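A short write-up of the structure that comes next.
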Amino acid sequence: IALIGPYVRCGEAMLGSWIGFGEEDRAVTIEQGFKKRFPGKVTAVKGCDPYQHINGGMAEAVRAARNADVAVVTLGLPGNISGESGSLVTVEIPDVQKELLEAVQATGKPIVVLLVTGRAMALESMENLADAIMVVWHPGTMGGTAVADLVSGDFSPSGHLAMSFPRCDGQIPIRYNHKNTGRPSKWTVPPTPTHKFGNKPYSSCYMFTPNTPLYPFGYGLSYTEFEYDQIEVLNPEVAMGENVVIRARVTNVGDSEGVTVAQLYMRDLVASTTRPVRELKGFERISLAPGESATVEFTLTAEDMAFCREDMQYAQEPGDFKVWVGDSSDASLEGSFTVK
């Protein structure tokens, strides 16, 4: 294993921002975690600093990758870049780190990127350079041990994003729970720079980039795969104040045990004030063995359906609603109900 990048032995990056009197030299680094989990199999080199070259670093990283079976590359942002007084004009990977990744990728070896960060980042420009990406954030004092446990497969990743990751800086701000637009996009595929715009539909979309994030809110993969089906709204017509119960089936269709986070989203189709296109209203962690299925059940209360109405009262309104169940805000398994 070639362990490469500016955060391989960086205790400060494990602790992140807002660490108070945290002692970075006592944090378990990624290098320490890997060398303990894979004794005798790890060569660790920095390659570069977070924002600048180091003498001979690129050549050393390439040499380590060529002599390894797999390259694990730590990229991202230092802990002190996140948190208070850490505003940036770009959340792209710093240029020197992208150069490092390209140099390692040119060796032809499989690449796993460990993304160290305290914020959502725009990763489209580097996504195709890696075979896998694991967002490890600033994982804490035992971060190196935890990361090695996950990369080794001793444990299966089960985290899901608490924020959308944009494709590029120009999409910011991007969020799953935005308000609807009076000019919804009519493009089935974003136009390209060579597109003929004779009958251009005037709609709310980017001209050469999808409106969608690279990784949506709630997104997260595992070492197995899950399928959602058989959604059922048990009481599709209810009176004001009554609960609505939604069920769906979740199945582990992969080859190993894993954990998914089932999520319920709701949309109030018509209201006295504009409502988001989707709102997260419930979630549940579910552990399943290969081939195992489970039924997840969510209850929507009147409080869940309430909002600040046109009359400035926080309360429920009658009307039609849609619900979705899945493993991210892009969930497509859909049901509906009516409040009378």
Side-chain angles (χ1 to χ4, degrees), residues 1-16 24-25 27-82 88-119 121-139 143-153 165 168-169 214:
I1 301 169
L3 188 59
I4 298 167
Y7 306 108
V8 293
R9 56 179 68 100
C10 182
E12 182 270 339
M14 299 297 96
L15 299 181
E24 61 183 72
D25 59 340
V28 178
T29 65
I30 294 175
E31 178 184 17
Q32 290 169 331
F34 267 66
K35 286 187 173 180
K36 182 177 180 180
R37 177 58 185 80
F38 306 103
K41 298 181 179 180
V42 178
T43 298
V45 298
K46 284 185 66 175
C48 67
D49 285 329
Y51 286 99
Q52 58 190 11
H53 290 85
I54 57 178
N55 188 31
M58 293 287 175
E60 186 180 28
V62 168
R63 188 161 52 248
R66 284 176 176 162
N67 292 330
D69 298 312
V70 61
V72 179
V73 186
T74 65
L75 304 175
L77 300 174
N80 58 12
I81 293 297
S82 300
L88 298 171
V89 295
T90 176
V91 290
E92 298 270 358
I93 293 291
D95 289 344
V96 67
Q97 295 185 43
K98 198 178 301 181
E99 183 182 340
L100 175 66
L101 182 60
E102 290 171 346
V104 173
Q105 194 260 352
T107 67
K109 296 301 177 75
I111 294 177
V112 176
V113 167
L114 303 180
L115 189 70
V116 176
T117 180
R119 68 177 80 216
M121 297 188 68
L123 304 178
E124 189 170 54
S125 63
M126 58 149 278
E127 184 190 38
N128 293 332
L129 298 174
D131 297 282
I133 301 173
M134 181 178 289
V135 182
V136 303
W137 306 105
H138 298 296
T145 300
V147 172
D149 283 345
L150 290 170
V151 172
S152 68
F165 273 46
C168 55
D169 291 332
L214 184 62

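Numbers here simply count residues along the sequence, with the first being 1. On a predicted model such as this, the values are computed, not experimentally measured, just so you know.
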What heavy-atom pair brings [X] and [Y] nearest, and what distance separates the two atoms?
X      : Y      : answer
Arg119 : Ser82  : NH2-CA, 3.8 Å
Lys109 : Ala68  : NZ-O, 2.5 Å
Ala64  : Val45  : CB-CG2, 4.2 Å
Glu127 : Leu214 : OE1-CD1, 3.7 Å
Ala61  : Gly47  : CB-CA, 4.2 Å
Val96  : Gln52  : CG1-N, 3.6 Å

Any [X] side-chain heavy atom under 4.5 Å of [Y] side chain:
X      : Y      : value
His138 : Leu15  : no
Leu129 : Glu102 : yes
Lys41  : Asp69  : no

Got a donor-acceptor contact below 3.5 angstrom from the [X] side chain to the [Y] backbone?
X      : Y      : value
Arg9   : Ala44  : yes
Asp131 : Ile111 : yes
Gln97  : Pro50  : yes
Asp169 : Val91  : yes
Glu12  : Asn80  : yes
Tyr7   : Val116 : no

Inset, instruction - Applying side-chain contact (heavy atoms from CB on, under 4.5 Å) between Leu115 and each of Ile93, Val136, Thr74, report the one that passes. - result: Ile93

Inset, instruction - Output the distance between atom CD1 (Ile54) and atom CG (Asp49), rounded to the nearest 0.5 Å. - result: 5.5 Å

Legend entry - Heavy-atom neighbours of Asp25 CG exceed 12 at 6.0 Å: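 Yes, enclosed.
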
